[in-house]
Amino acid sequence: MSGIVLASGSAARQRLLRAAGVDFTVDVAHVDETAVVESLTAEKATGRNIADVLAELKALKVSARHSGETVLGADQVLSVGGEILEKPESATAARAQLLQLRGRTHVLSSAVCAARDGVVVWRFVGEARLTVRAFSDAFLDAYLAEAGEDILGSVGAYHVEGLGAQLFSKIEGDSFTIMGLPLLPLLDFLRTQGLLRT
C-alpha cells in the first residue's frame, strides 16, 4: 500500500487527519500563493476556483518528489462581496478584517486535491456560509485581546471551534470545511484507494 503525503504545513489540517486516524507524512509545498491569488483575482476567478487551483498546485508540486504515493494538497479561501481576503498579518489587520466582515455573510471555500505521480486523481471543494453578527467595538477589542496572535494563522481571524464562535449569528456548512479540510469526502476517497479500512 502506498503512503499518504500531506503537502501542507497547516497544523489544523494535520490535527484533523491525525484525529481521524489517517497515517501520513508531511512535505510542505512552497507555492507563491499571493501571486497566484492576485493573478486569478485579476481574471475574476471565484473563491472556490482559487482554492481549487492552489490545492492542485500544492499536490502536483509535492507529488513530483514522492513516486507512487498519494499526495494531498489543500487550501482555503475566504470571499465576501466578491473580494478575496487573506490571512491577516497583524492584530491591526485582523481588527480591520473583522470590521469588514461584521454584519455580513462570507463564504469559506476549502479545497483538497489528490495527486499521484504528477497526475491529479481526485479533487473536492466544500463551501460554508458564515454570517458574522453585528458585534460592538468593545466586544471586538476584548475578543482580539483574548484570542491573541493565534488567530493570525487563520483566514478570517477566527477559530469557530473556540472563542471565534461568538462572532457568528449563523453558520451553514460542516465544521471540517470551516476548519480548512473537507474531511468526510477525503476519507471516502482514501477508502476507495485502499488507503483506509473500508
Side-chain angles (χ1 to χ4, degrees), residues 1-31 33 47-48 50-78 86-88 107-128 130 146-168 171-198:
M1 184 181 336
S2 70
I4 300 169
V5 180
L6 179 63
S8 170
S10 164
R13 291 188 186 102
Q14 292 175 33
R15 273 195 308 272
L16 287 173
L17 285 173
R18 284 194 186 97
V22 178
D23 186 27
F24 64 96
T25 58
V26 174
D27 185 355
V28 178
H30 297 285
V31 172
E33 294 185 37
R48 179 186 189 92
I50 294 170
D52 188 40
V53 167
L54 288 168
E56 178 180 313
L57 284 172
K58 293 174 182 179
L60 289 175
K61 185 167 188 177
V62 173
S63 176
R65 302 193 290 256
H66 295 273
S67 177
E69 297 192 285
T70 300
V71 177
L72 306 176
D75 209 280
Q76 183 180 63
V77 172
L78 186 157
E86 298 193 45
K87 293 176 185 174
V107 176
L108 286 177
S109 302
S110 293
V112 59
C113 179
R116 194 174 300 122
D117 296 322
V119 177
V120 172
V121 294
W122 179 82
R123 64 187 342 125
F124 183 87
V125 182
E127 290 193 312
L130 298 87
E146 190 171 342
E149 291 189 3
D150 190 40
I151 59 169
L152 301 182
S154 172
V155 65
Y158 57 75
H159 294 126
V160 171
E161 66 275 22
L163 186 63
Q166 291 195 39
L167 294 167
F168 300 94
I171 294 177
E172 300 169 85
D174 74 82
S175 59
F176 300 124
T177 294
I178 293 166
M179 289 187 278
L181 187 68
L183 186 62
L184 299 182
L186 175 57
L187 295 176
D188 280 343
F189 164 73
L190 294 175
R191 281 189 286 269
T192 69
Q193 302 300 297
L195 296 168
L196 292 177
R197 289 187 296 273
T198 56

State, to 0.1 Å, how close Ala7 and Gly73 come at their nearest heavy-atom pair, and which atoms those are. CB-CA, 4.4 Å
Can you list the residues that meet the side-chain contact (heavy atoms from CB on, under 4.5 Å) rule with Leu163, with sequence neighbours excluded? Tyr143, Glu146, Ala147, Gln166
With sequence neighbours left out, write down each residue that passes side chain to side chain donor-acceptor pair (under 3.5 Å) with Ser63, or none if nothing qualifies. none
List the residues meeting salt bridge (charged side-chain N to carboxylate O under 4.0 Å, His left out) with Arg116, not counting sequence neighbours, and say none if there are none. none
Flag, side chain of Glu127 to backbone of Thr177, donor-acceptor distance under 3.5 Å: no
With sequence neighbours excluded, tell me which residues meet salt bridge (charged side-chain N to carboxylate O under 4.0 Å, His left out) with Glu69. none
Taking only residues two or more places apart in sequence, or in another chain, which ones meet Arg15 in a side chain to side chain donor-acceptor pair (under 3.5 Å)? none
Can you name the residues that form a side-chain contact (heavy atoms from CB on, under 4.5 Å) with Ser8, not counting sequence neighbours? Leu6, Ser10, Arg13
Considering only distance and modelled atom types, tabulate donor-acceptor pairs under 3.5 Å from the side chains of residues 178-187, sequence neighbours left out.
none

CG of Asp52 to OG of Ser109, rounded to nearest 0.5 Å, is 10.0 Å
According to side-chain contact (heavy atoms from CB on, under 4.5 Å), who are the partners of Val53, at least two apart in sequence or on a separate chain? Val36, Leu40, Leu57
If you look only at distance, which donor and acceptor atoms sit under 3.5 Å apart when one is on a side chain in residues 20-27 and the other is two or more places apart or in another chain?
residue	atom	partner	partner atom	Å
Asp27	OD1	Arg65	NH2	2.8
Asp27	OD2	Arg65	NE	3.1
Asp27	OD2	Arg65	NH2	3.4
Asp27	OD2	His66	NE2	2.7

Would you call the rings of Trp122 and Phe189 parallel, tilted or perpendicular if under 30° counts as parallel and over 60° as perpendicular? parallel
So, Asp117 side chain and Gly68 main chain: donor-acceptor pair closer than 3.5 Å or not? yes
Got a second to check how far Leu54's CG is from Glu33's CD, nearest 0.5 Å? 5.5 Å
The salt bridge (charged side-chain N to carboxylate O under 4.0 Å, His left out) partners of Asp174 (sequence neighbours excluded) come to none
Is Val155 close to Val77 at the side-chain level, that is, under 4.5 Å between some pair of heavy atoms? no
Once you round to the nearest 0.5 Å, how far does CD of Glu56 lie from NZ of Lys61? 14.0 Å
Let me confirm one number: the CD1-OG1 distance from Ile4 to Thr70, rounded to the nearest 0.5 Å. 6.5 Å
What is the minimum heavy-atom distance between Ser154 and Lys87, and which atoms define it? C-CG, 3.9 Å
